[in-house]
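One structure is given here, and the rest of the page talks about it.
Residue numbers count from 1 along this sequence. Read the numbers this way: they start at 1 and go in the same order the structure lists the ligands and their atoms. Atom set for the values below is all heavy atoms of this structure, side chains included, hydrogens, waters and symmetry mates excluded.
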Amino acid sequence: MTIDIPGVRAGRHAGVPALLVETAEATAAVSPFGAHLLSWTPRGFADVLWLSPTSMLPPKPIRGGVPVCWPYFARQGQPDDAPQHGIARTRTWSLVGGARDEAGAVRLDFVLDDADPDLEVRMEVEIGRALVQRLVTRNRGTAARTLTQAMHTYFAVGDARRVHVEGLDGLDYLDKFDGFARHRQQGDWSLREARDPGRSDRIYLDAPGRYVLVDPVARRRILLSTAGSRSLVAWNPGEEAVRGFADIPREGWLEYVCLEAANAAPDSVELAPGASHALEQRVEVAHL
Ligand SMILES: O=P(O)(O)OC[C@H]1O[C@@H](O)[C@H](O)[C@@H](O)[C@@H]1O
């Protein structure tokens with residue numbers, strides 16, 4: 001599709017071919033590779049998304065922004081040699097639609113049509129004062145399918161050690177750093193928690209879909225609302241495990257927190273033939 005939406009042009013962002021979006025309220029960069037949102041910068045704020053300065057480039061997975069994990073999260077239900085987080089993040093999606101609404105927000109629609117003969121997947125991205133992303137999967141086959149997935153958002157923060165996340169208090173979570181043992185969250189999430197401080201790789205269960213990332217250093221509050229999701233992954237590798245990531249600088253873990261709107265662990269989606277499921281996230285930012 002040729003792009004003919006006011007405020008949208010083809011270019012590059014951090015070396016990655018991308019559609020560069022400019023609206024009255026925000027700028028953004030979205031790459032067809034992975035339908036990957038690389039940057040979203042509402043006016044008056046620094047970029048809400050973190051993108052690693054040492055990220056690999058396509059065809060390798062991009063580190064940062066909003067990778068799309070699909071049609072499974074991690075390697076759930078897959079053989080050990082399956083690509084982590086599925087193939088959607090390393091395929092080039094087709095831009096099939098887009099528009100600018102009356103308020104000036106821009107919407108771009110991408111489809112990945114050839115990833116699975118029975119599943120069609122679509123990513124709708126709306127750029128404006130709020131960021132809205134919708135990942136819609138349709139089962140066009142004749143058998144039921146099970147889906148797990150995530151929007152693996154890397155939120156840029158002033159200092160990961162000093163932020164906290166509201167909305168998780170009292171929830172149970174599976175801790176990957178503890179062999180997926182089940183624990184209960186007490187109070188807000190932070191890297192300062194008494195139980196295993198300094199790192200987090202957790203799947204929160206029966207999550208309510210409304211979270212606030214409070215960042216006293218960047219002096220802003222990020223509001224994340226999700227729909228079609230009952231799991232929230234909170235990931236920051238911390239000082240030690242980050243050394244295992246060639247595409248994250250040693251100090252890079254201080255600069256982001258991943259909060260991932262997910263369907264993972266028991267929260268898998270059963271898609272009957274002909275059925276669709278939408279995983280949605282909405283992000284807003286405010287000054288503290
Ligand atoms: O390195 P990847 O494949 O992008 O994954 C990054 C992280 O993604 C998170 O969602 C997982 O919970 C972590 O265990 C994982 O390390």
Side-chain angles (χ1 to χ4, degrees), residues 14 16 31 33-38 49-91 133 135 147-157 160 165 168 171-183 185 189 191 193 196 198-205 207 211 213 224 226 229-250 252-268 279 281:
V16 180
S31 175
F33 176 74
H36 197 128
L37 181 64
L38 304 169
L49 303 177
W50 182 80
L51 187 60
S52 174
T54 54
S55 175
M56 296 182 290
L57 293 173
K60 302 281 194 200
I62 294 166
R63 176 73 63 195
V66 187
V68 175
C69 306
W70 184 97
Y72 53 84
F73 178 75
R75 289 194 181 83
Q76 187 168 340
Q78 309 300 315
D80 289 348
D81 61 351
Q84 156 115 321
H85 291 325
I87 48 159
R89 64 176 175 168
T90 53
R91 291 285 182 91
Q133 290 182 276
L135 185 64
L147 178 70
T148 57
Q149 59 187 349
M151 286 188 238
H152 192 308
T153 307
Y154 289 74
F155 289 107
V157 296
V165 178
L168 299 169
L171 298 186
D172 282 2
Y173 62 88
L174 305 178
D175 189 347
K176 190 168 172 186
F177 280 125
D178 189 20
F180 292 100
R182 192 172 176 129
H183 296 275
Q185 180 70 31
W189 177 95
L191 289 178
E193 283 173 37
D196 201 20
R199 60 182 188 171
S200 172
D201 195 353
R202 303 172 175 184
I203 302 174
Y204 285 87
L205 308 174
Y211 320 97
L213 172 57
L224 169 65
T226 69
S229 159
R230 285 182 290 112
S231 32
L232 193 272
V233 178
W235 178 62
N236 182 301
E239 188 173 10
E240 200 180 310
V242 78
R243 297 190 190 135
F245 291 85
D247 56 355
I248 306 178
R250 273 286 171 94
W253 67 278
L254 295 167
E255 299 171 1
Y256 74 87
V257 171
C258 284
L259 297 179
E260 309 168 32
N263 299 111
D267 175 28
S268 59
L279 170 65
Q281 72 172 6

Original post:
Of Asn263, Thr226, Thr148, Asp267, which is the lone residue that meets side-chain hydrogen bond (donor to acceptor under 3.5 Å, both in side chains) with Ser231?
Top reply: Asp267
Original post:
Do the side chain of Ser31 and the main chain of Phe33 share a donor and acceptor less than 3.5 angstrom apart?
Top reply: yes
**OP:** Could you list all the ring-ring contact (aromatic ring centres under 6.0 Å, His included) pairs where at least one residue sits in residues 54-83, not counting sequence neighbours?
**Re:** Phe73-His85
Original post:
Relative to Phe245, does Arg63 satisfy both conditions: NZ or CZ under 6.0 angstrom from the six-membered ring centre, and within 45 degrees of the ring's axis?
Top reply: no
Are any protein N/O atoms closer than 3.5 Å to the N/O atoms of ligand 1? If there are, list each pair with names and the distance to one decimal place.
| from | atom 1 | to | atom 2 | distance (Å) |
| --- | --- | --- | --- | --- |
| ligand 1 | 1 (O) | Arg63 | NH1 | 3.2 |
| ligand 1 | 1 (O) | Arg63 | NH2 | 3.0 |
| ligand 1 | 3 (O) | Gln84 | NE2 | 3.0 |
| ligand 1 | 3 (O) | Arg89 | NH2 | 2.9 |
| ligand 1 | 4 (O) | Arg63 | NH1 | 3.0 |
| ligand 1 | 4 (O) | Arg89 | NH1 | 2.9 |
| ligand 1 | 5 (O) | Gln84 | NE2 | 3.1 |
| ligand 1 | 5 (O) | His85 | NE2 | 3.4 |
| ligand 1 | 8 (O) | His85 | NE2 | 3.1 |
| ligand 1 | 8 (O) | His152 | NE2 | 2.7 |
| ligand 1 | 10 (O) | His152 | NE2 | 3.1 |
| ligand 1 | 10 (O) | Glu260 | OE1 | 2.8 |
| ligand 1 | 10 (O) | Glu260 | OE2 | 3.1 |
| ligand 1 | 12 (O) | Asp201 | OD1 | 2.6 |
| ligand 1 | 14 (O) | Lys176 | NZ | 2.8 |
| ligand 1 | 14 (O) | Asp201 | OD2 | 2.5 |

**OP:** Verify the distance criterion only: is there a donor paired with an acceptor across the side chains of Thr153 and Gln281 at less than 3.5 Å?
**Re:** yes
Original post:
Which pair of heavy atoms, one from Pro266 and one from Leu174, lies closest together, and at what distance?
Top reply: CD-CD1, 4.5 Å
